[in-house]
Amino acid sequence: MTIIIDGKACANKILENIKLKTSKLEKKPGLSVILVGEDPASTVYVNNKEKKAIESGFNSYIYRLPHNTLKEELLELINKLNNDDNTDGILLQLPLPGHLNAYDFLDKIDPKKDVDGFHPVNSGKLFLNEKPYAVSCTPKGIIKLLDEYKIKIEGANVVIAGRSNIVGKPLAAMFLNRNATITIAHSKTKNLSEITKNADILISATGRPNIITKDMVKKDAVVIDVGIIRGQDGKLRGDVDFNSVKDIAGFITPVPGGVGPMTIAMLMENTLELHILKISRNKSC
Ligand code: NAP
């Protein structure tokens, strides 16, 4: 029988725990989110992050900057937040407007406040299997889901479709650190289905609707769908043809209600962890 992985329930459990831990702290953790421009999807994501931060008992600071913000202005804000004692985590909402390059800014965020884990220090530590200050939220959420469902990672054949810096690559490092065997596929990969059929754990993070069909999946495999695509009908769907794949998979995540809620829960967890790290640094000074 196929198990539908309930990311929403798992995320709610984590968020309740965060709320409890936060209520016992002397000072509230602070999450600062920077949104440049009015991209509709980003606006929804940022509003959602604000809601969850407040529900978690955090201070939430949203910096909404106009579309035509200059590079110097954004750098100045990041610098200000790096030195702001009320800010434990800084998140720069991506994508940025076309005239701004994300990599001119992500490495200017203090790695100890890099709540998304995108700073080269944090991604470097992840690849060295050293403890980063924070780990990218979506990959971290996926590993938590697998652990929650007691899915064995060590020794598993893991196939990841998608090699982005925010999902595929950090996720591959995390699986490798947990002793899985990894194959990463991308848009130039030949015979994708021959590769996916070998996967004990198949992760799809391409943003291509229904790219993963039943004939590409091994019986009883674990299928994790990272994709979020809004269809013409306004409904969200993922990379996986859920209705057919659920008949063959052992475990499968739905879209919505799978990886998405875990990403936001991990953002809150990272904010709390960075706050606690700051407290312990201050104590040891
Ligand atoms: P991205 O930067 O556009 O990367 C997509 C990746 O998919 C690229 O590596 C690309 O290959 C690969 N790809 C495209 N077509 C492919 C094909 N036919 N076969 C194999 N690989 C293919 O996207 P992203 O930021 O990683 O996001 C991916 C999806 O996940 C999107 O739908 C996004 O909305 C969603 N997402 C969801 C969450 C969540 O919380 N659930 C979080 C982040 C992202 P190349 O490198 O060769 O171009």
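Just so we're clear, the structure is a prediction, and the values are computed from it rather than from any experiment.
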Completion exercise
Closest heavy-atom pair, L81 versus I34, reported as atoms and distance to 0.1 Å, is CD1-CD1, 3.9 Å

Problem - V115 versus A134, closest heavy-atom pair with distance - result: O-CB, 4.1 Å

Practice task
State whether the number of non-hydrogen atoms from other residues, nucleotides or ligands found under 6.0 Å of K27 atom NZ is greater than 12.
Solution key: yes

Exercise for the section: Count the heavy atoms of every other residue, nucleotide or ligand shown that sit under 6.0 Å from NZ of K19, and state whether that count exceeds 12. Expected result: no

Problem - Test item: D200 side-chain N/O and V222 main-chain N/O as donor-acceptor pair under 3.5 Å - result: no

Exercise for the section: Spell out, as yes or no, whether a donor-acceptor pair under 3.5 Å connects the side chain of N17 to the backbone of K13. Expected result: no

Practice task
State whether the number of non-hydrogen atoms from other residues, nucleotides or ligands found under 6.0 Å of K246 atom NZ is greater than 12.
Solution key: yes

Problem - Residues forming a side-chain hydrogen bond (donor to acceptor under 3.5 Å, both in side chains) with S193, sequence neighbours excluded - result: none

Problem - Distance-minimising heavy-atom pair for V158 and A180 - result: CG2-CB, 3.7 Å

Exercise for the section: Please examine the side chains of L100 and K71, heavy atoms only from C-beta on, and report whether any two atoms are closer than 4.5 Å. Expected result: yes

Practice task
Look only at the side chain of D116 and the backbone of L91, and say whether a donor-acceptor pair between them is shorter than 3.5 Å.
Solution key: no

Exercise for the section: Determine, step by step, whether D84 and Y61 satisfy the side-chain hydrogen bond (donor to acceptor under 3.5 Å, both in side chains) criterion, reporting the C-alpha distance in whole Å, the side-chain angles of both residues, the deciding distance to 0.1 Å, and the verdict. Expected result: CA-CA 12 Å; D84 171 23; Y61 310 101; over 6 Å; no

Practice task
Apply side-chain contact (heavy atoms from CB on, under 4.5 Å) to the pair L15 and E55, showing each step before the final yes or no.
Solution key: CA-CA 9 Å; L15 288 167; E55 282 172 13; 5.7 Å; no

Exercise for the section: With side-chain contact (heavy atoms from CB on, under 4.5 Å) as the test, would you mind laying out the steps for D114 and V121 before giving the verdict? Expected result: CA-CA 10 Å; D114 171 35; V121 164; over 6 Å; no

Practice task
Please tell me if the side chains of S123 and F118 come closer than 4.5 Å, counting only heavy atoms from C-beta onward.
Solution key: no

Handout entry: Name of the residue among T196, D239, D225 meeting side chain to side chain donor-acceptor pair (under 3.5 Å) with S204
Key = D239

Exercise for the section: Please confirm whether the backbone N or O of D110 pairs with a side-chain atom of N82, one donor and one acceptor, at under 3.5 Å? Expected result: yes

Practice task
Report yes or no: does D6 contribute a side-chain atom to a donor-acceptor pair with the main-chain N or O of A9 at less than 3.5 Å?
Solution key: yes

Handout entry: Closest contact, heavy atoms only, G7 versus M262
Key = O-SD, 3.8 Å

Practice task
Answer yes or no: are there more than 12 heavy-atom neighbours, outside K278 itself, under 6.0 Å from its atom NZ?
Solution key: yes

Handout entry: Transitive ILVMFWY side-chain link Y149 to M266, under 4.5 Å
Key = yes

Practice task
For atom CD of E76, decide whether the heavy atoms of other residues, nucleotides or ligands shown that lie under 6.0 angstrom number more than 12.
Solution key: no

Practice task
Say whether N270 and K140, considering side chains only, have a donor N or O and an acceptor N or O under 3.5 Å apart.
Solution key: yes

Handout entry: Heavy-atom closest pair, residues Q93 and Y45
Key = NE2-CD1, 4.0 Å

Exercise for the section: Please state whether the rings of H99 and H67 are parallel, tilted or perpendicular, taking 30° and 60° as the class boundaries. Expected result: tilted

Exercise for the section: Give the other cluster members for I229, using side-chain heavy-atom distances under 4.5 Å between Ile, Leu, Val, Met, Phe, Trp and Tyr residues; answer none if it is isolated. Expected result: none

Practice task
Consider only side-chain heavy atoms of I, L, V, M, F, W and Y, link residues closer than 4.5 Å, and tell whether V36 and V44 are in one cluster.
Solution key: no

Problem - Inter-residue atom distance K131.NZ - L277.CG, 0.5 Å rounding - result: 7.0 Å

Fill in the blank from the handout: Cluster membership besides V240, Ile/Leu/Val/Met/Phe/Trp/Tyr side chains within less than 4.5 angstrom, sorted by chain and number, is I4, V159, L192, I195, L202, I211, I212, M216, V217, V223, F242, V245, I248, I252

Practice task
Enter the distance from N177:CG to N129:CG here, rounded to the nearest 0.5 Å.
Solution key: 3.5 Å

Problem - Heavy-atom closest contact (L94 atom, S42 atom, distance) - result: O-OG, 3.7 Å

Practice task
Ignoring hydrogens and angles, tell me if any N or O in the side chain of K51 forms a donor-acceptor pair with the backbone of N47 under 3.5 Å.
Solution key: no

Exercise for the section: For side-chain contact (heavy atoms from CB on, under 4.5 Å), just list the numbers for R178 and D147, CA-CA rounded to whole Å, side-chain angles, deciding distance to a tenth of an Å, and then say yes or no. Expected result: CA-CA 11 Å; R178 293 279 297 266; D147 286 344; 2.9 Å; yes

Exercise for the section: Flag the pair L146 / I224 as yes when at least one side-chain heavy-atom distance between them is below 4.5 Å, and no otherwise. Expected result: yes

Problem - Cluster link V46 to L236, ILVMFWY, side chain under 4.5 Å - result: no

Practice task
Consider only side-chain heavy atoms of I, L, V, M, F, W and Y, link residues closer than 4.5 Å, and tell whether I160 and L176 are in one cluster.
Solution key: yes

Handout entry: Candidate pair I18 and T22, rule side-chain contact (heavy atoms from CB on, under 4.5 Å), full reasoning
Key = CA-CA 6 Å; I18 291 172; T22 304; 3.9 Å; yes

Practice task
Using a 4.5 Å cut-off on heavy atoms from C-beta on, say whether the side chain of D88 contacts that of F58.
Solution key: no

Handout entry: Interatomic distance, K113 atom NZ to H119 atom NE2 [nearest 0.5 angstrom]
Key = 13.5 Å

Completion exercise
Taken to the nearest 0.5 Å, the spacing of N86 CG from L31 CG works out to 12.5 Å

Exercise for the section: Report the distance from atom CG of L171 to atom NZ of K169, rounding to the nearest 0.5 Å. Expected result: 13.0 Å

Fill in the blank from the handout: When rounded to the nearest 0.5 Å, the distance separating CZ of R163 from CD1 of I184 is 9.0 Å

Handout entry: hydrophobic_cluster_shared for L20 and I14, side chain cutoff 4.5 Å
Key = no

Handout entry: Side chain proximity check, L65 to E73, heavy atoms < 4.5 angstrom
Key = no

